[in-house]
Amino acid sequence: MSQIKQMQSHLIVSATLLDPYAAGRIISFCAVSADADLSHAYKLFLSLQHRTTFIWNTIIRAFVERNANATAISLYKNMLQSGFLPNNYTFSFVLRACTTYSSTALASHALVIKLGWESYDFVLNGLIHLYANLSLMDAARKLFNVSTNRDVITWTSLLNGYVQSGQAEFARELFDQMPERNAVSWSAMITGYVQMGMFREAMGLFNDMQLSGLRPNHAGIVGALTACAFLGALDHGRWIHAYVDRNGMELDRVLGTALVDMYAKCGCIEMACSVFDEMPYKDVFAFTSLISGLANHDQSARAIELFARMQSEGVVPNEVTFICVLSACSRMGLVDEGLRIFNYMSKVYGIEPGVQHYGCLVDLLGRAGLFEEANKLVREMPMEPDSYVLGALLNSCRMHGDVELGKETVESLVERGLDHGGVHVLLSNMYASSNQWDWVVKVRKEMGEKKVRKVPGCSLIEIDGRLCEFIVGDGSYLLMEEVVLILLGIDNHLKFLWLDDDNTNCTMTSY
DNA sequence: ATAGGGTTAG
């Protein structure tokens with residue numbers, strides 16, 4: 001790059017930059033090559049007297065590649081105002097920027113048609129991708145149906161649209177129908193399942209992909225790791241980590257963070273830390289992921305330390321980071337520290353607290369027994385409390401045995417339609433522990449009348465690399481009788497051990 | 001005369 005700058009000063013002196021072709025080559029190098037320097041390219045672009053369509057296209061492309069869609073679109077509008085006609089290249093970049101600017105999307109499509117580019121491969125795929133991303137599936141499907149030269153990208157773009165709009169079956173149907181599948185189309189379906197919360201399907205497909213002989217790429221690996229994280233599938237996750245190492249895949253920000261998160265969510269916090277240490281570049285995602293993992297492993301002190309380290313390394317925290325840090329403070333009972341962080345979140349970083357931050361703060365105050373403050377905060381916060389905020393308040397009522405405030409809180413949950421069964425169970429347990437049995441009966445009766453159902457609890461474990469899911473009340477598992485016998489055995493054993501203790505009540509209530 | 005599209009983390 002420094003050589004290019006030298007060369008460029010020479011060219012300016014010799015007036016060669018007046019040659020638009022030479023200028024185009026230099027801008028292209030500065031804007032989109034491997035070690036590009038976009039701000040330099042942009043300065044150069046602004047200084048040019050004579051621009052070409054190629055130069056406009058290149059600078060627009062550079063901003064799109066950095067996800068600076070607003071800038072890309074405003075450059076595109078400037079281009080039109082300067083009298084340049086966009087060509088197929090222009091549209092292939094601009095349509096990508098339009099995925100976050102739907103108002104410009106329709107106008108761009110209109111111009112595509114007017115200039116006769118609609119049936120041109122790259123442009124048509126760009127349009128399908130655009131409509132699919134905006135979840136405008138009728139439009140996307142229509143274009144797909146009229147396309148005569150469908151390739152694997154056309155199919156993948158449409159598939160992604162069904163994923164975006166949550167239509168898992170259509171997406172899978174399309175995937176099965178594709179005449180050709182490559183690593184990207186497999187990844188799209190795998191991460192599609194992940195986005196739709198269908199983690200077991202994602203893992204199954206990751207497995208099928210390897211059986212089909214295709215090597216998973218970066219995105220496929222990341223998708224599979226995310227699924228492992230949600231499923232707690234540690235053995236699968238470890239296998240993928242070994243695959244990453246064996247194939248010398250670079251621990252970049254995305255892959256590194258996915259690994260850190262997988263280990264943290266699967267209970268291996270030390271492995272999460274060591275992968276984090278290996279990552280050459282750590283951004284806000286990586287830090288936040290580990291801070292969250294530490295907080296969830298009752299290592300809030302380390303979480304808060306990491307938060308300090310992050311800032312000393314100049315990584316700017318975002319709203320999610322603050323949610324994790326505040327919840328760490330709350331678990332450690334660091335009331336003053338939590339309040340201080342809550343305040344400087346907006347003062348120093350300009351992040352306005354959202355409902356989730358208030359939720360953490362209510363939890364922080366409530367756990368510390370500062371009821372009045374917690375209740376006051378809920379009443380005075382600038383937005384409607386959500387189920388998390390009221391749940392935190394309810395939990396603090398339970399912890400400190402304040403049945404009256406608990407009852408009020410449940411009422412406000414009911415008013416807002418946020419009363420899932422667990423809330424009523426909690427209230428009834430609170431009445432029970434304060435020996436108000438008539439109220440227990442009343443709550444239970446109301447639950448019956450309103451047909452409130454508790455969402456069945458479920459758990460997942462991995463045995464010999466196979467995932468087993470257990471749902472409360474479902475006795476239909478293979479080997480269920482053996483499982484029940486073993487549990488009863490453990491139960492009896494515990495009773496025997498605790499025989500002298502009057503208060504022991506080791507009955508199994510559900511399995 | 002220089003170029004381009006689909007999948008990726010908290």
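What you see is a predicted model, and the numbers here were worked out from it, not measured in a lab. So that the names make sense, note that chain A is the first sequence line, chain B the second, and so on, each numbered from 1.
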Selection from [options] that lies nearest to any side-chain heavy atom of [X]:
X      : options             : result
A/F54  : B/dG6, B/dT2, B/dA9 : B/dT2
A/S185 : B/dT8, B/dT2, B/dG6 : B/dG6
A/T191 : B/dG4, B/dT7, B/dA9 : B/dT7

Going through the distances and angles, do A/F54 and A/Y89 end up as a ring-ring contact (aromatic ring centres under 6.0 Å, His included)? CA-CA 9 Å; A/F54 174 78; A/Y89 288 96; 8.5 Å; no

Side-chain N or O of [X] closer than 4.0 Å to phosphate OP1/OP2 of [N]:
X      : N     : value
A/N160 : B/dG6 : no
A/R25  : B/dA3 : no
A/Q195 : B/dT7 : no

Rounded to whole angstroms, how far apart are [atom1] on [X] and [atom2] on [N]?
X      : N     : atom1 : atom2 : answer
A/F63  : B/dG4 : CZ    : P     : 18 Å
A/I153 : B/dG6 : CD1   : C1'   : 5 Å
A/N87  : B/dG4 : CG    : C1'   : 10 Å
A/L127 : B/dG6 : CG    : C1'   : 14 Å
A/Q164 : B/dG6 : CD    : C1'   : 12 Å
A/Y21  : B/dA3 : OH    : C1'   : 11 Å
A/I128 : B/dG4 : CD1   : P     : 21 Å

What contact category does [X] fall into here, base, sugar-phosphate, or nothing, at under 4.0 angstrom with non-hydrogen atoms?
X      : result
A/V32  : nothing
A/F322 : nothing
A/H129 : sugar-phosphate

Ring-face cation contact, A/F285 with A/R253, 6.0 Å cut, 45° max: no

Between A/Y358 and A/F342, is there a side-chain heavy-atom distance shorter than 4.5 Å? yes

Could A/D176 and A/R172 be called an ion pair, given the rule that one side-chain N must be under 4.0 Å from one carboxylate O? yes

Please confirm whether any donor atom in the side chain of A/N57 sits under 3.5 Å from an acceptor in the base of B/dG4, or the reverse. no

Base of B/dG6, side chain of A/S157 - is there a donor-acceptor contact under 3.5 Å? no

Before we go on, tell me: are the rings of A/W155 and A/F144 under 6.0 Å apart, centre to centre? yes

